Protein chains: 2
Amino acid sequence: MLYALKDLVILDRFIQLVDNKEMIPKDEIRETILAVASEIFSRYGYQKTTMDDIARATGKGKSSIYYYFKNKEEIFREVVEKEVLVLKSKILVAINAQTDPREKLKAHILVRMKGLKNFLNLYNALKNDFLSHFEFCEQLRTRYDKEEIGIIKEILDAGVKNGEFQIDDTSVTAMVIVTAMKGLEIPLLIETNPDTHVEIRLDKLLDVFFYGILIR
Amino acid sequence: MLYALKDLVILDRFIQLVDNKEMIPKDEIRETILAVASEIFSRYGYQKTTMDDIARATGKGKSSIYYYFKNKEEIFREVVEKEVLVLKSKILVAINAQTDPREKLKAHILVRMKGLKNFLNLYNALKNDFLSHFEFCEQLRTRYDKEEIGIIKEILDAGVKNGEFQIDDTSVTAMVIVTAMKGLEIPLLIETNPDTHVEIRLDKLLDVFFYGILIR
DNA sequence: AATTGTACTAAAAACATAAAATGGTCGAAA
DNA sequence: TTTCGACCATTTTATGTTTTTAGTACAATT
C-alpha cells in the first residue's frame, strides 16, 4: 500500500481526462466550459467574470451553461478543484515513474513547482474578490498541503528504511519541505518568463536545498 | 571587514535608540510619536488611522504632530523603516555575539523569525489599504531581503573557508535560506500565541532545516 | 525660539439614491 | 436532451450630497 487507494482513483480519473476519448459527450462539454471558465477566472477573478462572458466564450447561450451547472459558484469550485486535482495527479504519475526515494522526492518537487502556475494565477486573480472565494482556495490548499505532507512523509520513510536518508522526525521534515516549497512559489512565479530558464534555476535550487544546505 | 560599514552605523544607531539617554528631547518626542503611530497603524492600517487619532493617543494637539513630522506619509514611512531597522540591528547584534559560523547562522534565523512579528502585523493591517502603502512595505522588504542574503552569504563563506560548510554556490544557498524563512513566517505567525511553544518549535524546525534535511 | 491650541480650507471618504448590469428562471423550440 | 430568447429580482455601479480628514495659518504659550 504505497499511496492511499483514493489517490489511485484520482490518478485513473486524471488519465481518463488526459486522453479524453472515453468521455461521454455531456462530460466533454462540461470540461470545455470548465476550461474556458478557468481561463476567464484566472484573468479577471470571480466577480468580474460574468456568466454571459463564459457563455459567449464557449459559443453557447447562457441558459445552456445553466443546463450543465447549477450556478456560478459550482463552476468556480469545480474549476479550482480540478486545478488541484490535475496537479496532484501529475505529481502521483511522476512519483510512480521513479523507484529511488531521492528521485521520487525530486520528481515530486519539480512537477509541483512547475505545475502550480495555473493555480497560482487563479489564486492571484482572486485577491481582489470577495473574501469567501479566496478563502475557499486557501482552505483547499491547506487541505492539499496536509495530503502533500503525507505523501512526502511516505517517501522519506521509505528512504529512511532504505538507509538512504537519515532523518529524526520525518513528519517535521516533510512539513518543512512543503513549507519551503510554498515559500519558493512566488519568486519562481515572477521569474518564469523565459520558460527554459526556470528548469535550470529550479533544479539548481533543489540541489542546494535538498541535498545538503550544510553538510556536517 | 566582516559586515559593511553602513551596517555598523545602523548598529550604533540602534544601541543609541535602546538606551535612549543620549537622545535630545526633540528626538525623544519623535520616537514617542512613532511608537504610538506604529501601534495604531498595526491595528487599523493606514487609512483608518487619522492624524487626530495619533495626536489624541500621544496626548498632544494635531499641530504638534505636524511640528515634528512633515505629513502622515512621513510618519508612516518612518514607522515602517524603523521596524525593519530595529530588526536588522537586533540580528547584527545577535550575529556579533557569536563566533562560530554555524552559531551565527542559527542566531540570525532565530532572531529574525521571532522579531518579524511586529512588522508582519503592520504588513497585514495594510492589506486592506491603498496599494501604494502595501507596496512600499513590500519594496522595503524586498530590498531588505537582498541585504539579508548578503549577510547570510558572508556567514556561509566564512563557514566554507573555515571548512565547516561544504557549499558549491553560497549565493544560491543564501537565497534559498532567506526564501525558506519567508515561507515559514506565516505558519509561525499563526501558531505564535503561547510564546513558549514557538521557541521550541522553531528550534526543532531549524535543526531539521539547516543541519541536513537529507544526509548523504 | 520652540511648542501648542484654535480656527480654517481643500480634498477625500462615507453615504444615499437612481440607473445599469448580472445571476438565475421559465417555457417554448430545435 | 439540449439550446434559446425573454424575463425578473438582486446586485453593482454611477451620481450627487454630506461628512470627515489631512494639512495650514496664526495667535497664544512656554
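Note: hydrogens, waters and symmetry copies are ignored here, and every other heavy atom, side chains too, is used. Lettering of chains follows the sequences in order, A, B, ..., and the numbering in each one begins at 1. Only a predicted model underlies this, so the values are computations on that prediction, with no experimental measurement involved.
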Whole-Å distance separating the CG atom of B/Asp53 from the P atom of D/dT21: 8 Å
Spacing between A/Phe69 atom CZ and D/dT2 atom P, to the nearest angstrom: 13 Å
Check: B/Gln98 and B/Lys106 side chains under 4.5 Å, non-hydrogen atoms: no
A/Arg56 CZ to D/dC4 C1', straight-line distance once rounded to whole Å: 16 Å
Atom-to-atom span, CE of A/Met51 to C1' of D/dC7 - whole angstrom: 17 Å
Distance test, side-chain N/O of A/Tyr66 to OP1/OP2 of D/dC4, below 4.0 Å: no
Separation of atom OH in A/Tyr46 from atom P in D/dT11, rounded to whole Å: 13 Å
Side chain of B/Lys62 - closest among D/dA22, C/dG23, D/dT3: D/dA22
Nearest-Å distance for atom pair NZ/C1', residues A/Lys72 and D/dA9: 16 Å
Phosphate OP1/OP2 of D/dT3 contacted by A/Tyr67 side-chain N/O (<4.0 Å): no
B/Ser38 side-chain N/O to B/Leu34 backbone N/O, donor-acceptor pair under 3.5 Å: no
Pair B/Asp157 + B/Lys153: basic N to acidic O under 4.0 Å: yes
OP1 or OP2 of D/dT2 under 4.0 Å from side-chain N/O of A/Ser63: no
Sugar-phosphate, base or nothing in reach of A/Thr58, heavy atoms under 4.0 Å: nothing
Nearest-Å distance for atom pair CD1/C1', residues A/Ile29 and D/dT2: 8 Å
Sugar-phosphate only, base, or nothing, as touched by B/Lys60 at under 4.0 Å among non-hydrogen atoms: sugar-phosphate
Upstream residue (5' side of DNA chain C) when A/Lys48 and B/Gly61 are each assigned their closest nucleotide: B/Gly61
Residues B/Gln47 and B/His133: side-chain donor-acceptor under 3.5 angstrom: no
cation_pi(A/Lys72, A/Tyr66) dist<6.0 Å, angle<=45: no
Interatomic distance where CD1 belongs to A/Ile65 and C1' belongs to C/dT25 [whole Å]: 15 Å
Nearest-neighbour nucleotide for the B/Tyr68 side chain, C/dT3, D/dT12, D/dT3 considered: C/dT3
